[in-house]
K.L.:
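Dropping a structure here in structure tokens format, bear with me for questions.
What's counted below: heavy atoms across the whole structure, side chains too, no hydrogens, waters or symmetry copies.
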Amino acid sequence: MKLVWSPETASEAYIDTVRSCKSYKESGVAEFLSATAAGWNARLIVETWSCGDPIATSVGLAVAARHTCGRHVCIVPDEQSKVEYVSAMRGVVTTEATEVVVVGESVENTMEDFPGVDFLVVDSKRREFVRTLRFAKLSNKGAVLVCKNAAQRAISGFKWHDVLEAGTRVVRSVFLPVGSGLDMVHVGAAGGNQRSDSRKHTSRWIRHVDHLSGEEHLFRRLN
């Protein structure tokens, strides 16, 4: 199986997020991510959040989880962030599907508790965002990973292949000028490229002589 796009679900989540976030003055990040997560039918949506961060994106992801009947997990660094997050979300959106988790001894241990991530959003302004991406346990159906605030990254020289597990198939990556930048990658389903890898490719050389110039050309043709 793999992630399948549903424009209807994406549209419904987008409209609901616009309504829920009408009091926030942000640049469409929440609506876009909500529609994207819902459109890909993400059943496990994970994000990171810290004290002082805008809450609109979290609202949008909670809306998306409601539309996909999925789980929305927010990972915070400390108890203070947890209290602030819960307070900010209360009354804005129904959050039955939202779980707030405080990072314990390490990000690695925390991410181990959430296998099968379909949609992951991290904040590029936080130095730990790379470790969160690296230790995420992605779904076998594929996943969408998002770095928000990509134009304000805490580190330089970021590349997706540095944080993805070896052998991960990247379907597409894109940078979008939404908000302070969204750097996104769509990871293919596990084993999705096995067929193409297992196919036996043969080739043969074709010799062609130009009778006017006398030049000989060799072409390699893959079968």
K.L.:
Can you get from Phe158 to Leu164 by hopping between Ile, Leu, Val, Met, Phe, Trp and Tyr side chains that sit under 4.5 Å apart?
P.N.:
yes
K.L.:
Could you pull out all residues at least two apart from Ser20 that satisfy side-chain hydrogen bond (donor to acceptor under 3.5 Å, both in side chains)?
P.N.:
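Expected list: none.
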K.L.:
If I compare all heavy atoms of Thr98 with all of Ala62, which pair ends up nearest, and what's the gap?
P.N.:
OG1-CB, 3.9 Å
K.L.:
Sort and list the pairs that fulfil salt bridge (charged side-chain N to carboxylate O under 4.0 Å, His left out) and have at least one residue in residues 149-167, not counting sequence neighbours.
P.N.:
Arg153-Asp183
K.L.:
Show me the pairs that pass salt bridge (charged side-chain N to carboxylate O under 4.0 Å, His left out) and involve residues 52-76, at least two apart or across chains.
P.N.:
Asp16-Arg66, Asp53-Arg126, Arg71-Glu99
K.L.:
For residues 128-139, which residue pairs pass the salt bridge (charged side-chain N to carboxylate O under 4.0 Å, His left out) check, not counting sequence neighbours?
P.N.:
Glu112-Lys137
K.L.:
Going by the rule side-chain hydrogen bond (donor to acceptor under 3.5 Å, both in side chains), which residues pair with Ser139 if we only count those two or more places apart in sequence or in a different chain?
P.N.:
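Scan of Ser139 (side-chain hydrogen bond (donor to acceptor under 3.5 Å, both in side chains), adjacent residues dropped) gives Asp118.
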K.L.:
With sequence neighbours excluded, tell me which residues meet side-chain hydrogen bond (donor to acceptor under 3.5 Å, both in side chains) with Asp78.
P.N.:
Ser81
K.L.:
Mind checking ring pair (Phe, Tyr, Trp, His ring centres under 6.0 Å) for Tyr14 and listing every partner two or more places apart, or none if nothing turns up?
P.N.:
none
K.L.:
Determine which pairs satisfy side-chain hydrogen bond (donor to acceptor under 3.5 Å, both in side chains) with at least one residue from residues 42-52, sequence neighbours left out, and list them in order.
P.N.:
Asn41-Arg43, Glu47-Ser58, Glu47-His72, Glu47-Tyr85
K.L.:
With a sphere of 6.0 Å drawn around CD of Gln80, does it hold more than 12 non-hydrogen atoms of other residues, nucleotides or ligands?
P.N.:
no
K.L.:
Mind checking side-chain contact (heavy atoms from CB on, under 4.5 Å) for Ser11 and listing every partner two or more places apart, or none if nothing turns up?
P.N.:
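If we apply the side-chain contact (heavy atoms from CB on, under 4.5 Å) test to Ser11, skipping adjacent residues, the hits are Ile15.
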K.L.:
Closer than 3.5 angstrom, by distance alone: can the side chain of Ser6 be matched with the main-chain N or O of Gly39 as a donor-acceptor pair?
P.N.:
no
K.L.:
Apply side-chain contact (heavy atoms from CB on, under 4.5 Å) to Val4 and list each qualifying residue two or more places apart in sequence or on a separate chain.
P.N.:
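Scan of Val4 (side-chain contact (heavy atoms from CB on, under 4.5 Å), adjacent residues dropped) gives none.
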K.L.:
Could you pull out all residues at least two apart from Arg172 that satisfy salt bridge (charged side-chain N to carboxylate O under 4.0 Å, His left out)?
P.N.:
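Residues passing salt bridge (charged side-chain N to carboxylate O under 4.0 Å, His left out) with Arg172: none at all.
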K.L.:
Would you mind writing out the side-chain donor-acceptor pairs for residues 29-37 within the sub-3.5 Å range, not counting sequence neighbours?
P.N.:
unit_1, atom_1, unit_2, atom_2, d
Ser34, OG, Thr17, OG1, 2.7
Ser34, OG, Gly60, O, 2.9
Thr36, OG1, Phe32, O, 2.8

K.L.:
Could you check whether the rings of Trp40 and His186 sit parallel, tilted or perpendicular, using 30° and 60° as the cut-offs?
P.N.:
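Tilted, since the angle between the ring planes falls between 30° and 60°.
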